[in-house]
**Student:** 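Pasting a structure here, questions to come.
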Amino acid sequence: MRTLTVFAQLCIILCLSISTSHVNGSDEKPRVGIVGAGISGASAAYFLRELFGDDVEIDIFEKQHVGGRLAPITISGHNYNAGGTIIHPANLYMINFTDILGLTRDTNPEPGRLGIFDGEEIVFSTSDYSALTIAKLMWRYGMDAYNIKTWVQEKILKPLTRLYEFQKEGHAFSTVEDLLNAIDPSFVEFSKKSVKDLFKGEGFSDRFIDEFVTGAMRINYGQTSSIHGLVGAVSMAGVEPGLWNVVGGNHQVPQGLVKKSGAKIVRGKVTAVSLTSEGSPPVYQIDYLPGRSTNEDDMNSKEYDIVIIATPLYNDMSDIKFEDFQTSIKQVPEDFHLTVASFIEGEPNTTYFGVDSVDSLPNAFFTTNESTFFNSFTKQKPVSGETAEKTVYRVFSNKVPNVNELKQLVPEWSDIRVVNWMAYPEYPSSVQLPSFTLHEQMYHINAIELAASAMEMSAIGAKNVALLAYYRYTGQYDKIDEILTKSDGAQKSEL
Ligand SMILES: Cc1cc2nc3c(=O)[nH]c(=O)nc-3n(C[C@H](O)[C@H](O)[C@H](O)COP(=O)(O)OP(=O)(O)OC[C@H]3O[C@@H](n4cnc5c(N)ncnc54)[C@H](O)[C@@H]3O)c2cc1C
Ligand SMILES: *[C@@H]1O[C@H](CO)[C@@H](O)[C@H](O)[C@H]1NC(C)=O
Ligand SMILES: *[C@@H]1O[C@H](CO)[C@@H](O)[C@H](O)[C@H]1NC(C)=O
Ligand SMILES: *[C@@H]1O[C@H](CO)[C@@H](O)[C@H](O)[C@H]1NC(C)=O
């Protein structure tokens with residue numbers, strides 16, 4: 001009799017706890033649904049595992065391939081990076097990821113000379129001999145060529161070290177603007193004027209801006225120096241030496257992080273996210289078409305406590321529907337920029353560039369004239385680090401080039417591959433920065449792309465979102481949106 005009572009009591013407790021968990025949707029382990037297995041989604045899974053330990057179940061939905069905009073392309077048996085290529089030596093998350101995953105960094109990815117082509121001739125090229133390069137730079141741009149390095153170091157890279165410190169201490173921010181403010185309020189100011197106006201104001205010459213800065217914006221973003229100053233300035237960090245990429249291809253980073261995080265990849269296309277329980281904490285449902293199915297009858301769904309959108313929720317970029325939310329879930333209003341990457345195996349037309357031999361041709365060109373059909377022309381090195389038997393050139397353009405245009409650059413080719421990328425936002429001169437937080441426990445990592453699109457930015461956004469999700473889940477609200485002082489480290493100010 002007595003035993004039965006105990007059993008009955010136990011049952012009541014158990015049954016209650018089961019039904020409670022059902023009502024709240026909060027099982028022992030929180031369930032996280034991530035949409036997108038690019039570097040954003042993969043690094044979010046990695047950081048979430050770091051924060052929650054074993055006490056989290058992570059699903060990552062991927063409709064195409066793990067890696068997203070980091071993808072390899074094969075030509076004559078050699079792989080090249082088809083999308084995101086260059087990583088900066090100050091990109092500490094990317095460096096750490098390669099270390100953790102046992103990957104090797106190639107610190108000499110595109111060696112050799114850089115040239116600027118104005119549509120008719122090479123107006124400038126660096127030389128293999130650095131003394132000569134400096135002399136040439138000084139001759140054409142005065143002190144600007146030197147000052148830009150110092151400027152980027154002081155105004156961009158130094159403040160960024162602060163970001164790594166406060167993220168390490170666990171500070172998280174609801175909006176992109178608050179995150180930037182915590183790095184340095186000047187970052188927000190930079191995002192409110194064009195890079196042209198920013199650098200003019202900082203004393204750089206028109207010639208430097210129209211050639212060097214414009215050329216850099218064209219190769220990096222397919223856009224002009226009228227894009228906002230923050231993305232412009234961040235991408236000028238490419239003037240630093242020590243740029244690198246991953247031996248074997250950059251896509252191995254997201255692939256490795258997914259494995260390391262123990263997240264489960266769910267192959268399929270997410271069509272909708274809905275709020276199934278308004279309660280605190282809320283419960284979300286993700287609807288998806290498994291595999292490559294387009295048949296509505298195959299529709300599946302799963303419930304989550306935390307949802308992370310790790311793909312651009314921008315104008316025309318996403319067809320994910322948000323249903324049953326009390327407030328509207330807004331997309332970022334900006335469009336995405338089409339960058340076409342053509343990989344051509346063959347010999348370049350030296351006459352076109354006004355030189356007499358391939359040897360005197362710079363390895364990488366950027367162009368400065370908007371009426372030139374291509375933004376850049378760059379000799380490629382296989383990601384294996386080996387030398388290919390035949391040279392491959394990469395042409396970036398803002399629309400699909402026609403055969404005759406490409407033939408001007410490389411008259412005869414043995415192979416050609418063209419990849420169309422919805423690559424990065426179309427940047428306005430002054431930007432309204434979006435929020436990471438879409439709903440109580442629903443986030444958008446790619447909000448950070450409107451500040452600047454780069455692999456490291458994705459990792460920074462992913463770290464911030466993982467922290468936000470963790471603190472909300474564990475009720476540590478004091479860790480979110482704290483105001484940091486400008487002093488060293490990230491100390492809490494008196495409120
Ligand atoms: C041509 C090019 C050159 C670049 N060069 C550089 C560079 O040199 N250095 C640098 O740092 N950055 C560079 N970038 C930018 C960099 O590649 C991106 O910022 C970064 O890879 C973005 O990663 P992500 O995970 O945020 O997005 P993505 O890589 O786009 O990942 C999103 C993923 O979500 C998936 N997905 C989307 N919708 C759904 C859905 N409904 N259901 C399921 N899955 C879905 C997609 O298939 C994709 O795999 C470049 C980009 C391009 C295109
Ligand atoms: C990189 O890894 C090292 C060693 O684990 C760690 O001390 C450091 O904080 C990491 N850096 C960042 C930016 O997370
Ligand atoms: C090379 O470029 C020059 C100059 O634009 C052009 O006249 C010539 O036709 C090109 N050569 C080939 C083989 O296409
Ligand atoms: C750009 O190229 C066009 C066509 O070649 C030329 O007419 C124009 O003068 C060039 N503009 C500049 C600023 O060089």
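Reckoned from all heavy atoms, side chains included, excluding hydrogens, waters and symmetry mates. Counting starts at 1 for both ligands and their atoms, in listed order.
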**Student:** Put together the list of close N/O pairs, under 3.5 Å, between ligand 4 and the protein, could you?
**Tutor:**
{"from": "ligand 4", "atom 1": "2 (O)", "to": "N369", "atom 2": "OD1", "distance (Å)": "3.4"}
{"from": "ligand 4", "atom 1": "2 (O)", "to": "N369", "atom 2": "ND2", "distance (Å)": "2.3"}
{"from": "ligand 4", "atom 1": "2 (O)", "to": "S371", "atom 2": "OG", "distance (Å)": "3.0"}
{"from": "ligand 4", "atom 1": "11 (N)", "to": "N369", "atom 2": "ND2", "distance (Å)": "2.9"}
{"from": "ligand 4", "atom 1": "14 (O)", "to": "N369", "atom 2": "ND2", "distance (Å)": "3.4"}

**Student:** Check whether the ring centres of F204 and F212 lie less than 6.0 Å apart, and answer yes or no.
**Tutor:**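 They do not qualify: ring centres at least 6.0 Å apart.
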**Student:** Between F373 and N402, does the side chain to side chain contact (heavy atoms under 4.5 Å, CB included) criterion hold? Intermediate values first, please.
**Tutor:** CA-CA 10 Å; F373 86 89; N402 64 46; over 6 Å; no
**Student:** Any N or O of T351 that comes nearer than 3.5 Å to an N or O of ligand 3?
**Tutor:**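 Checking ligand 3 against T351, no N or O pair falls under 3.5 Å apart.
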**Student:** For the aromatic rings, using the six-membered ring if either is Trp, is the centroid distance between F47 and Y93 under 6.0 Å?
**Tutor:**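 Judged by ring-centre distance (under 6.0 Å), F47 and Y93 do meet the cut-off.
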**Student:** Under a 4.0 angstrom heavy-atom cut-off, which atoms of ligand 2 come close to K168?
**Tutor:** 7 (O), 8 (C), 9 (O)
**Student:** Got a salt bridge between R31 and D305, using NZ or NE/NH1/NH2 to carboxylate O under 4.0 Å?
**Tutor:**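 Yes, this pair counts.
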**Student:** At a 4.0 Å threshold, what atoms of ligand 2 neighbour a non-hydrogen atom of Y164?
**Tutor:**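 So the atoms of ligand 2 that pass are 13 (C).
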**Student:** How would you list, by chain and number, every residue that makes a side-chain hydrogen bond (donor to acceptor under 3.5 Å, both in side chains) with K158, sequence neighbours excluded?
**Tutor:** E154
**Student:** Pull out every atom of ligand 3 sitting under 4.0 Å from any heavy atom of P411, numbered as shown with elements.
**Tutor:**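 Those qualifying, in numeric order: 12 (C), 13 (C).
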**Student:** Kindly assign one of parallel, tilted or perpendicular to the pair F374 and F353, based on the angle between their ring planes and the thresholds 30° and 60°.
**Tutor:**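 Plane angle over 60°, so perpendicular.
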**Student:** Would you say the ring centroid of F117 lies under 6.0 angstrom from that of F377?
**Tutor:**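 Centroid separation for F117 and F377: 6.0 Å or greater.
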